Amino acid sequence: MTDYKMMLAEAISGMTDISNEQVYELVEIPPKSSMGEYAFPCFTLAKTMKKSPQSIAIDLSESLIGKLDFIERTEVVGPYLNIFINRSIFCNDVTDHIVRMKDKIGSSDEGKGKTVLVEYSSPNIAKPFHIGHAFTTILGQAIYNLYKHLGYDVYRLNHLGDYGTQFGKLISAYKRWGNDEALAEQPIKELLRIYVKFHDEAKMDPSLDEEARFHFRNLEKGNEEEFGLWKLFRDLSIKEFDAIYRRLGITFDDMNGESFYSDKIPEIVSMLNDRDLLVESDGARVVMLEEFGLPPCIILKSDGTTIYASRDIAAILYRKRKYDFYKNIYVVGNPQALHFKQVFAVADKLGLDASGSCVHVGFGLVKFADMKFSTRDGNIILQEELLNECVGKTSEIIRKNREERQTDMSDAELSQIAEKIGIGAVIYTFCRNSRDRDIVFSWDEMLDFDGDSAPYLMYTYARCRSVLRKAKASDYDPADAVDGFNTKVTDEEFELIKYLHGFGDSIRKAAQAYEPYILVRQLNFIARAFNKFYNNRPILNCEDSELLASGLRICEASSVVLEQGMRLLGISPVERM
Ligand code: ARG
């Protein structure tokens with residue numbers, strides 16, 4: 001496919017005294033299509049060329065015409081040169097490219113030879129997988145997919161919260177009140193029950209805390225009994241988390257949690273000592289970070305045990321050695337922003353260049369507008385419950401549709417479709433806004449089949465596929481539809497194809513900013529433009545063979561882009577709904 005902007009930049013650069021790259025940076029996409037597809041502002045040139053911007057624009061306008069065959073016409077508006085592209089050339093070229101690229105559409109090799117780590121999800125053993133964990137899981141998976149598509153070597157890391165003094169409490173609680181049957185049935189629920197009980201009892205009997213410390217010390221020493229229980233709690237919790245991951249279609253490359261790094265901390269301590277960076281503060285050993293404007297970072301507590309931050313510092317060193325990463329991305333909620341600043345600052349002081357390669361990708365809070373959950377436990381809303389509710393509501397909608405339209409959809413198909421749409425709706429909601437903004441979940445919005453929602457994208461995709469199936473059934477292969485845009489391309493078609501053309505750019509921008517919403521927005525524009533096109537002109541019932549060819553070509557290109565876009569977000573499209 002022609003790189004229109006680049007060709008334009010080269011041509012303009014050849015007529016002026018600024019480089020391709022400079023022109024490329026200057027070229028704008030005008031806000032309205034009546035102003036052309038590209039606009040070149042001429043003020044920058046005015047100084048060096050000692051001419052008014054307007055006369056430069058006029059000169060350029062005259063020389064450009066006839067130089068590039070895809071330029072239809074130009075227009076000088078004040079200091080701007082507006083450029084209009086030949087619609088036929090553009091539409092044939094872009095749709096042809098999409099149809100040939102298929103699932104590679106929007107991919108690139110910009111990441112070749114570069115390793116990117118995406119750390120996400122990272123729930124805590126023996127604790128519920130709550131809505132904040134759902135946010136990191138979905139966002140992290142989308143970021144992973146985007147980088148993968150851009151050719152990076154990407155690894156998915158799950159930094160499980162599987163270490164810390166709370167495990168001493170849990171072991172103590174289990175030995176006192178644990179119920180094996182309950183543990184086998186609903187492990188996290190049972191572990192949470194005894195953990196809460198431990199806290200209540202310890203208020204009355206402080207010796208319990210001493211007992212818990214004793215068990216934690218034994219765990220650190222690798223004592224068989226404590227280690228065995230810790231491992232049991234960990235294995236059972238992971239099994240529960242896995243059920244959610246399976247449902248979301250997620251796997252990890254590395255499940256090394258906090259415990260994995262605990263024996264790697266002595267090396268960090270000695271590195272810090274070698275550089276004279278550890279100072280004593282109230283018995284604890286800390287690294288001062290005044291030069292970064294940050295509070296000190298504790299490395300060892302007064303009793304010599306390690307903390308969350310020390311384990312993160314050890315993890316950076318380990319990952320540097322193992323992966324030699326280009327980027328190490330942490331998808332973790334905004335409340336931990338200070339923690340990561342401190343960790344990166346300490347790692348910088350150790351010469352690990354964390355500030356150049358480690359990124360904290362934060363996100364906001366999750367709120368609920370019109371939802372009631374049965375097991376609302378404080379603020380803990382379980383991911384599983386959210387998925388079940390959403391899938392259940394989706395089933396109702398699809399079932400009603402089935403009755404109204406009297407289709408032959410079987411119950412099994414219906415439930416498969418509802419599962420995909422319901423989960424898609426949850427994923428979409430997490431990804432549709434810039435991640436710093438708080439999210440408000442509302443059924444009305446999430447399941448609005450005509451809104452800013454997954455069902456809307458999925459419905460549009462299913463629509464494209466249905467047209468293509470019908471075409472195939474009447475022996476028409478859309479692949480034959482070559483050069484269908486030879487006569488007039490309507491405004492609606494042109495607008496849609498411009499959005500399809502912008503797909504690759506939206507992937508690059510979304511990855512660069514760690515903001516899947518940039519891709520979501522592009523897909524929503526595509527779906528809106530597609531439906532406008534779909535409602536305004538015949539596709540299969542066309543006498544004119546060129547019109548038939550261009551309509552089918554649009555359906556095929558749109559379906560390729562929508563499908564790939566949804567997959568990058570983690571949404572599985574369905575063929576009908
Ligand atoms: N387990 C933590 C939590 O649930 C998140 C861990 C984030 N990652 C990290 N490397 N500190 O809050």
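Start at 1 and go down the list; that is how both ligands and their atoms are numbered. Note that the structure is predicted; figures quoted are calculated from it, not measured.
- The distance from ligand 1 to the heavy atoms of H159 drops below 4.0 Å at these ligand atoms: 8 (N), 9 (C), 10 (N).
- In terms of protein heavy-atom proximity, atom 12 (O) of ligand 1 is closest to Q336 NE2, 3.1 Å.
- In summary, the atoms of ligand 1 found under 4.0 Å from a heavy atom of Y330, numbered by their order in the structure, are 10 (N).
- Within ligand 1, counting atoms from 1 as listed, the ones closer than 4.0 Å to a heavy atom of H133 are 3 (C), 4 (O).
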Side-chain donor-acceptor distances from residues 414-424 under 3.5 Å, at least two apart:
residue, atom, partner, partner atom, Å
S415, OG, A412, O, 3.2
E419, OE1, R247, NH2, 3.2
E419, OE2, R247, NE, 2.8

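- For atom 2 (C) of ligand 1, the nearest non-hydrogen atom from the set G161, S122, G333 belongs to S122.
- One side chain, D254 or Y323, offers a donor N or O that lies under 3.5 Å from an acceptor on the other.
- Side-chain contact annotation: H339 with D312, donor-acceptor N/O pair under 3.5 Å present.
- Qualifying salt bridge (Lys or Arg N to Asp or Glu O under 4.0 Å) partners for E290, counting only residues two or more places apart in sequence or in other chains: none.
- A salt bridge is defined here as a Lys NZ or Arg NE, NH1 or NH2 lying under 4.0 Å from an Asp or Glu carboxylate O, and R432 with E445 meets this definition.
- For the atom pair CG (L523) and CD (E563), the distance works out to 12.0 Å, reported to the nearest 0.5 Å.
- Taking every non-hydrogen atom of N124 and a distance limit under 4.0 Å, the qualifying atoms of ligand 1 come out as 1 (N), 2 (C), 3 (C), 4 (O).
- Residue, atom and distance of the protein heavy atom nearest to atom 10 (N) of ligand 1 are D312 OD1, 2.7 Å.
- Counting protein heavy atoms only, atom 6 (C) of ligand 1 is closest to Y308 OH, 3.3 Å.
- The side chain of F340, and not its backbone, has at least one atom closer than 4.0 Å to an atom of ligand 1 (non-hydrogen atoms only; side chain from C-beta on).
- Between E210 and R213 there is a salt bridge, with a side-chain nitrogen of the basic residue lying less than 4.0 Å from a carboxylate oxygen of the acidic one.
- E119 OE2, 2.8 Å is the protein heavy atom nearest to atom 8 (N) of ligand 1.
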